[in-house]
Amino acid sequence: MSGHTDMILVDENGIRIDGRTVDQHRPFKIEAGVLNNADGSAYVEIGKNKILAAVYGPRECHPKHMQNPTKAIIQCKYNMQTFSVSDRKKPGPDRRSIEISKITAEALENVVLTELYPRASIDVYIEVLQANAGTRCAGLTAASVALADAGIPMRDIIPACAAGKADNKVLLDLNKEEDNFGQADVPIAIVPSTDEIVLLQMDGNMTRDELDKAISMAMGACHELYDVQKDALKRRYAKRVVEVETDE
Ligand code: UDP
């Protein structure tokens, strides 16, 4: 997020470098239940972002000193593959992946009924296969579908989308160039049934009015993404019913 580039990110007609208008998000694609060996899983594409999420649990939490006697803990690991970006990413955790893992787990704690599973751990793995800005939002979106696919009781599922600012315009769902050279990036995640905000971060600078507009744009996109999440889970459920009927 430098805010300085010779590149025109939004032209005089309000068209962005990838052809979108300022209030248009990238295409969404979600599949639930893509991995056989995880308890729940999901694959999400948001534009050029490609993300896999896998869930294990609830299972007994190890090491035992991490157990909470009143509820399950959610342990999240966000990881960017070395090949996910054009400059090879150094493998292993870094400050950024530790931060994203933490904010993802904290957002999910708002919807997962952890109190049903004292002393347990629910483990969420997010693997970024290809990144093009917005991976924390796509990862959280995938993780909540994977949790639902694992049959873990939840109040709701969480969609997440960013908005931001580039060339002095408020934009929905920033791509990599807009994220790198724009003026602000605001990732947001919501609980759609209540419109409660469970993730709100901000990198860069915006006026209060611009921030209000960014939040409202991102929340609108979250509601659209929520429908795509629900469709993925319905397709997965229909497929399971067919599998059970064929086995009988
Ligand atoms: N990125 C990268 N190398 C890194 C970290 C990030 O190339 O080590 C790119 C990647 O495309 C990522 C984008 O920078 O999606 C924006 O990163 P940010 O930290 O803003 O998180 P995100 O927008 O992915 O949630």
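Keep in mind that what you see is a predicted model, and the values were worked out from it rather than measured.
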### Query
So, are Asp94 and Lys89 salt-bridged, with charged N and O less than 4.0 Å apart?
yes

### Query
Are the side chain of Asp203 and the backbone of Ala184 linked by a donor-acceptor contact shorter than 3.5 Å?
no

### Query
Salt bridge between Asp179 and Lys176, side-chain N to carboxylate O under 4.0 Å?
no

### Query
Got a donor-acceptor contact below 3.5 angstrom from the Gln183 side chain to the Asn168 backbone?
yes

### Message
For a quick check under 3.5 Å, do Asp18 and Asn175 share a side-chain donor-acceptor pair by atom type?
### Response
yes

### Query
Under the salt bridge (charged side-chain N to carboxylate O under 4.0 Å, His left out) criterion, do Arg20 and Asp173 qualify, and how do the steps go?
CA-CA 10 Å; Arg20 284 182 291 154; Asp173 188 22; 3.8 Å; yes

### Task
Verify whether one side chain among Tyr43 and Glu45 offers a donor that lies under 3.5 Å from an acceptor in the other.
yes

### Query
Can you check whether Ile15's main-chain N or O pairs, donor with acceptor, with Asn13's side chain at less than 3.5 Å?
no

### Message
Are Leu9 and Phe181 packed together at the side-chain level, in the sense that at least one heavy-atom pair is separated by less than 4.5 angstrom?
### Response
yes

#### Entry: Any pair counted as ring-ring contact (aromatic ring centres under 6.0 Å, His included), so long as it reaches residues 7-31, sequence neighbours left out
His25-Phe28

### Query
Which is it for Gln75 and Ser121 under the side-chain hydrogen bond (donor to acceptor under 3.5 Å, both in side chains) test, yes or no, and what are the steps along the way?
CA-CA 7 Å; Gln75 302 197 75; Ser121 173; 2.9 Å; yes

### Task
Search all heavy atoms of Asp156 against all heavy atoms of Tyr226 and return the closest pair with its distance.
OD1-OH, 2.7 Å

### Query
Judged by atom type as modelled, is there a donor-acceptor pair below 3.5 Å linking the side chain of Glu31 to the main-chain atoms of Ala232?
no

### Task
Return each pair, listed once, that meets salt bridge (charged side-chain N to carboxylate O under 4.0 Å, His left out) where at least one residue sits in residues 130-143; pairs must be two or more places apart or across chains.
Glu99-Arg136

### Task
Could you list who else is in Ile73's hydrophobic cluster, with ILVMFWY side chains joined at under 4.5 Å, directly or through other members?
Met66

### Query
Using a distance-only test with no angle check, is there a side-chain donor-acceptor pair under 3.5 angstrom linking Thr207 and Asp209?
no

### Task
Scan residues 58-67 for pairs that pass salt bridge (charged side-chain N to carboxylate O under 4.0 Å, His left out), counting only residues two or more places apart or in two chains.
Arg59-Asp123, Glu60-Lys64

### Message
Checking Ala189 now: which residues fulfil side-chain contact (heavy atoms from CB on, under 4.5 Å) with it, not counting sequence neighbours?
### Response
Leu140, Ile158, Ala160, Val198, Leu199

### Task
Measure across Ile197 and Leu200 and return the closest heavy-atom pair with its distance rounded to 0.1 Å.
CG2-CB, 3.9 Å

### Summary
Here the pair of heavy atoms bringing Ile157 nearest to Pro192 is O-CD, 3.1 Å

### Query
Which other residues belong to the hydrophobic cluster containing Leu116, where Ile, Leu, Val, Met, Phe, Trp and Tyr are joined when side-chain heavy atoms lie under 4.5 Å apart, directly or via other members?
Leu113, Tyr117

